[in-house]
Enquirer: 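Dropping the structure in here first, questions after.
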Amino acid sequence: MTRHLSTVRDLASMIDSGARVAVPPDYSGCAMAAVRELIRRGVRDLHLIGVPQAGFQADMLIGAGCVGTVESAAVTIGEYGPAPRFVAAVKAGAVRVLDSTCPAIHAGLQAAEKGIPFMPLRGILGSDLVAHRDDWRVIDNPFGEDDPIVALPAIRPDVALFHAGVADRFGNVWIGVRRELMLMAHAAAATLVTVEEIVDDDLLADERTAAGTIPALYVTALAKAPMGARPIGLGERYPADDGHLRRYVELARTEEGFRRYLDEFVLAGEVPA
Amino acid sequence: MTRHLSTVRDLASMIDSGARVAVPPDYSGCAMAAVRELIRRGVRDLHLIGVPQAGFQADMLIGAGCVGTVESAAVTIGEYGPAPRFVAAVKAGAVRVLDSTCPAIHAGLQAAEKGIPFMPLRGILGSDLVAHRDDWRVIDNPFGEDDPIVALPAIRPDVALFHAGVADRFGNVWIGVRRELMLMAHAAAATLVTVEEIVDDDLLADERTAAGTIPALYVTALAKAPMGARPIGLGERYPADDGHLRRYVELARTEEGFRRYLDEFVLAGEVPA
Amino acid sequence: MSDYRAEELLIDVIAAMLEGLGHVAVGASSPIPGAAALLARERSDGGMRVSVLGSRRHNFFTDGGRELFDCAAQGRIDAFFLGGGQIDGQGNINLVGIGDYPRSKVRFPGSFGSAYLYFLIPRVILFRQEHNRKILVPKVDFISAPGVSDANVYRPGGPHALVTGRCVFRFDKPRRRFALATIHPGHTIEEVRDETSFDFDTPDSIATTPAPDAETLTLLRGPVAEALAETYPDFAARVFGELVTR
Amino acid sequence: MSDYRAEELLIDVIAAMLEGLGHVAVGASSPIPGAAALLARERSDGGMRVSVLGSRRHNFFTDGGRELFDCAAQGRIDAFFLGGGQIDGQGNINLVGIGDYPRSKVRFPGSFGSAYLYFLIPRVILFRQEHNRKILVPKVDFISAPGVSDANVYRPGGPHALVTGRCVFRFDKPRRRFALATIHPGHTIEEVRDETSFDFDTPDSIATTPAPDAETLTLLRGPVAEALAETYPDFAARVFGELVTR
């Protein structure tokens with residue numbers, strides 16, 4: 001049954017160094033408060049999986065030295081420019097990048113969701129991605145003739161970590177049309193969620209809300225974190241804190257600046273809501 | 001763009017003899033009014049695909065001689081007993097049965113949804129289903145060693161046909177948690193839907209309804225058919241007409257009784273709402 | 001003879017096999033396994049989740065028809081129930097038909113999800129209330145789902161026991177056959193032998209299936225009956241209705 | 001020189017390539033392709049659907065992040081747009097980095113969905129406003145997605161054209177290379193040659209890219225600007241804002 005934890009710190013403590021952690025992109029609900037807890041705790045060697053890409057949280061975790069491998073179709077903070085700590089870590093060889101492509105991430109998670117060892121996928125052949133991914137195979141379509149197709153191994157995260165608007169007291173989490181979060185939860189061994197609010201209700205009782213709900217069955221633990229996605233935004237609830245993110249990008253151009261950012265907003269303080 | 005048709009007959013006229021038609025089970029919204037139109041028109045040689053099983057509509061269509069092949073994990077009218085016309089047609093060799101298993105139907109449709117030629121699936125090995133399905137293959141898991149796995153070809157219906165509660169004027173169809181209907185719509189070349197009501201609204205505009213909505217992009221044509229699932233039920237809207245179904249099962253035990261049923265409720269009349 | 005129905009004994013004996021599990025799923029048209037799962041849940045002190053197909057209230061799936069199967073493949077379902085028009089001594093089940101396939105003399109609805117779930121769910125309990133030589137056969141006419149697989153076949157799941165109206169057989173996986181475990185009150189080993197046409201092992205001492213105790217009957221006729229009635233109103237009324245003392 | 005912005009010409013020329021299509025999808029961070037798709041939709045008399053990633057109002061997907069890709073594989077998307085940190089003369093695009101992979105000297109965000117959509121969407125329009133020898137290279141340092149594939153590779157899709165701030169190249173699939181199509185007003189063929197470091201074909205006569213007409217500008221600065229502003233408010237204000245006459 002879903003554990004209701006009283007602090008985000010308790011939730012983040014369930015992620016060990018070395019864990020394979022699936023995270024959403026910046027527009028799909030990121031558990032930033034939990035990410036800051038991970039940095040404070042100094043976890044190491046995470047295998048971060050961007051579903052299908054990763055943004056601000058990846059850049060911060062990489063900059064803070066928490067990440068050993070990032071597996072993603074992209075690392076980007078979008079309109080704010082290149083992800084500075086990611087770019088620096090790549091140049092320094094400080095992080096292993098498993099470059100992927102969006103549908104390959106989704107397909108790998110779907111393979112895990114279905115409990116199958118691999119998923120075939122069209123396209124990709126001839127991309128240098130294939131050349132550099134020794135965990136991918138090119139096989140013959142058993143229903144075709146001279147018809148090569150990429151076989152992608154299942155992606156089975158240890159943890160899916162994200163932030164959502166509403167959960168109920170049973171542990172059901174409403175995600176609306178952000179069904180990549182449901183796919184993450186199905187595929188992952190454990191799913192940890194921070195939410196804006198926990199309602200005294202049953203989201204599955206009404207089919208109108210059930211249609212956009214991850215059942216508690218897949219939700220390992222929950223913690224309430226109001227404004228928990230800040231400084232990035234959360235769907236229609238609140239926008240990103242533009243000024244804060246621009247300042248981050250500016251500071252994180254250098255290692256020193258990034259350290260100053262961490263000191264101010266992670267280690268000594270908190271991001272303003 | 002989705003065509004709004006004025007009659008169920010117009011909708012049913014889009015299904016040709018020989019078409020591969022995917023239909024839901026009795027509990028997931030069956031377009032019975034459209035099925036009666038197909039029988040009136042005397043379509044032939046349908047390849048009916050139960051997603052993942054088929055019920056009352058399959059029995060009627062088989063009895064009326066509309067079906068050449070039925071591909072399904074089961075044909076059953078549940079508590080009302082064995083499907084009488086299906087059973088009779090099997091004994092007479094009058095219908096080809098592609099016996100399947102629920103997850104194989106879902107996986108085949110998912111392969112079509114993903115545009116991949118096949119989907120691997122665990123289980124099934126050693127079942128006589130495999131022995132009798134020469135369109136299925138057993139392959140080696142390319143990521144394993146001496147690890148056989150079933151490869152199921154994509155199931156690409158020509159038509160997905162079902163009944164739902166609400167559509168909007170743009171052609172979006174609300175299906176709630178009945179996402180096998182969405183899978184059918186994604187997998188099929190054309191999707192034909194009858195609905196209880198068409199609202200002057202946009203189901204995609206509000207994320208709460210969008211989460212359970214098939215976008216119009218996948219909906220080829222719509223027709224309004226109040227009580228269009230009768231004599232079976234539709235979710236929480238209305239229950240099955242128990243008396244009517246019991247009478248059907250009684251009559252359909254014999255070819256003559258089935259003909260009488262057809263005469264009374266399909267050819268000369270309509271099922272009471 | 002105490003004041004309980006045959007179904008209540010079957011529900012109780014199945015529920016005992018579910019003790020300690022985290023998630024039990026129940027397929028369609030399965031009132032006795034459904035009641036057993038709900039009884040086990042009542043006893044679990046909130047530790048067990050039960051998913052009843054066809055239920056609106058006891059069904060936690062939101063990803064369409066495939067979710068039950070995906071969920072099983074993810075290892076999130078601990079027990080499930082299967083039946084069979086025929087069941088043989090190797091645990092093979094037949095949900096397709098009797099006679100030469102495809103033109104079966106007797107045609108059943110079809111294999112449903114059995115060919116999959118039997119492989120993936122660790123504890124599959126076979127249940128068939130009728131117990132006679134036509135059902136419990138030496139070899140099924142059509143294997144919807146095999147009881148055992150070769151060593152190289154991925155198979156975390158399989159048969160755990162076979163519960164009938166007369167007795168309980170445990171499935172012995174290494175020996176690939178059933179062993180008689182308990183015989184229900186009022187039935188005999190001779191009767192079980194007569195009515196079973198497959199070979200099975202018979203330990204030296206065979207116990208009688210324990211009758212449901214008063215506490216169990218209270219649970220059954222109270223919260224279990226109530227929860228079950230949503231999906232199986234007729235069954236709940238017939239089996240628990242007349243005996244409910246409230 | 002008429003009263004339009006460079007972006008408006010690019011939008012118009014891309015929109016012309018979308019005429020008659022049923023469904024055009026636009027990826028993230030693509031205001032000019034987005035505006036082009038919305039313009040083409042305005043002209044389509046209700047016949048074209050446009051899906052803008054990142055938009056709430058112009059996005060019809062309800063099955064999560066995978067749906068765009070599944071939808072493309074189903075053949076339901078007729079056109080899409082890709083860019084590239086490098087684009088080469090065979091239509092290969094590089095969204096990963098410059099220099100030796102994996103320790104790229106310049107690292108871009110990553111390949112996103114390009115390695116897939118480039119294969120599956122019939123009409124992929126490459127767009128990069130900057131046009132210089134560092135971007136348009138003889139051979140990309142990393143092939144995120146190849147421009148052409150061997151005959152046995154399943155590939156209904158591929159490059160249709162490359163639109164830059166200076167000109168339009170059409171992709172010649174049999175010849176596996178670009179051919180210069182039109183040069184934008186104010187630019188010259190010499191300039192295009194100087195700023196392009198891959199080889200391309202040059203037909204005998206090269207037309208000037210037509211300037212957007214008054215009707216187009218009215219659509220752009222009216223309904224297109226309004227629709228685009230939801231997703232790209234800054235771009236819409238900057239490009240269309242000052243010229244809007246209402």
Side-chain angles (χ1 to χ4, degrees), chain A residues 24-25 27-28 50-53 72-79 82-83 86-93 96-97 99-107 109-110 121-132 141 144-149 175-183 212 235-236, chain D residues 27-29 31 53-54 56 59-70 72-73 92-97 99 101-121 140-157 232 234-235:
Chain A
Y27 52 77
S28 192
V51 181
Q53 70 214 39
S72 195
V75 178
T76 171
I77 33 184
E79 56 186 306
F86 164 68
V87 167
V90 167
K91 282 188 199 171
R96 185 172 71 124
V97 185
D99 266 291
S100 188
T101 178
C102 307
I105 299 268
H106 295 303
L109 290 168
Q110 280 185 282
L121 201 69
R122 288 302 191 185
I124 313 178
L125 291 164
S127 161
D128 281 341
L129 295 173
V130 180
H132 291 279
N141 168 14
E145 208 171 299
D146 184 25
D147 180 13
I149 187 165
I175 47 109
V177 297
R178 301 255 61 106
R179 289 188 85 89
E180 59 276 8
L181 300 174
M182 188 179 288
L183 175 59
E236 288 166 359
Chain D
S29 309
L53 263 74
R56 180 78 194 80
N59 182 327
F60 308 101
F61 295 130
T62 60
D63 205 24
R66 68 171 175 253
E67 187 175 1
L68 168 71
F69 306 99
D70 290 352
N92 299 313
I93 62 174
N94 174 6
L95 296 158
V96 161
Y101 186 84
R103 288 182 67 169
S104 315
K105 272 188 311 184
V106 179
R107 170 73 206 204
F108 309 133
S111 302
F112 294 97
S114 65
Y116 188 74
L117 298 174
Y118 210 22
F119 285 77
L120 292 164
I121 296 181
V140 295
D141 289 359
F142 186 101
I143 300 175
S144 283
V148 290
S149 298
D150 292 341
N152 66 338
V153 170
Y154 179 85
R155 183 160 195 176
Y232 299 106
D234 294 353
F235 179 90

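Just so we're clear, the structure is a prediction, and the values are computed from it rather than from any experiment. Lettering of chains follows the sequences in order, A, B, ..., and the numbering in each one begins at 1.
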Enquirer: How long is the span from the OG1 atom in A/T76 to the CZ atom in D/F108, to the nearest 0.5 Å?
Expert: 13.0 Å
Enquirer: Please round to the nearest 0.5 Å and tell me the distance separating atom OG of D/S111 and atom CD1 of A/I124.
Expert: 10.0 Å
Enquirer: Please name the pair of heavy atoms, one in A/L129 and one in D/F142, separated by the smallest distance, quoted to 0.1 Å.
Expert: N-CZ, 3.7 Å
Enquirer: Kindly say whether A/V177 contributes a backbone atom to a donor-acceptor pair with the side chain of D/T62 at under 3.5 angstrom?
Expert: no
Enquirer: For the candidates A/G93, A/G212, A/S72, A/S28, which exhibits the highest count of non-hydrogen atom pairs separated by less than 4.5 Å from chain D?
Expert: A/G93
Enquirer: Got D/R107 and A/V97 here, is their nearest side-chain heavy-atom distance under 4.5 Å?
Expert: yes
Enquirer: Answer with side chain, backbone, both or neither: which region of A/E145 has an atom nearer than 4.5 Å to a non-hydrogen atom of chain D?
Expert: neither
Enquirer: Taking side chain as everything from C-beta outward and backbone as N, CA, C, O, which of these in D/R103 sits under 4.5 Å from a heavy atom of chain A? Side chain, backbone, both or neither.
Expert: both
Enquirer: Just verifying a value: how many Å separate D/K105 NZ and A/K91 NZ, rounded to the nearest 0.5 Å?
Expert: 10.0 Å
Enquirer: Cut-off 3.5 Å, side chains only: do A/N141 and D/Y154 have a donor facing an acceptor?
Expert: no
Enquirer: Taking D/G113, D/P109, D/A145, D/G64 one by one, which has the highest count of heavy-atom pairs under 4.5 Å against chain A?
Expert: D/P109
Enquirer: Just how far is it from atom CG of D/D234 to atom CD of A/E79, taken to the nearest 0.5 Å?
Expert: 7.5 Å
Enquirer: State, yes or no, whether a side-chain contact exists between A/P148 and D/N152 at a heavy-atom distance under 4.5 Å.
Expert: yes
Enquirer: Under a 4.5 Å heavy-atom cutoff, which of A/A107, A/P25, A/A92, A/A104 has the most pairs with chain D?
Expert: A/A92
Enquirer: With chain A, which of D/S104, D/G97, D/S29 has the greatest number of heavy-atom pairs at distances under 4.5 Å?
Expert: D/S104
Enquirer: Which value, rounded to the nearest 0.5 Å, describes the distance between D/S144 atom OG and A/D99 atom CG?
Expert: 7.5 Å
Enquirer: Have a look at D/F112 and tell me which of A/P52, A/P103, A/S100, A/C102 forms a side-chain contact (heavy atoms from CB on, under 4.5 Å) with it.
Expert: A/C102
Enquirer: Sort out for me which of A/R178, A/H132, A/R96 touches chain D most, counting heavy-atom pairs under 4.5 Å.
Expert: A/H132
Enquirer: Does any heavy atom of chain D fall under 4.5 Å from the side chain of A/I105, the backbone, both, or neither of them?
Expert: neither
Enquirer: Below 4.5 Å from any heavy atom of chain D, which atoms of A/Q53 appear? Answer side chain, backbone, both or neither.
Expert: side chain
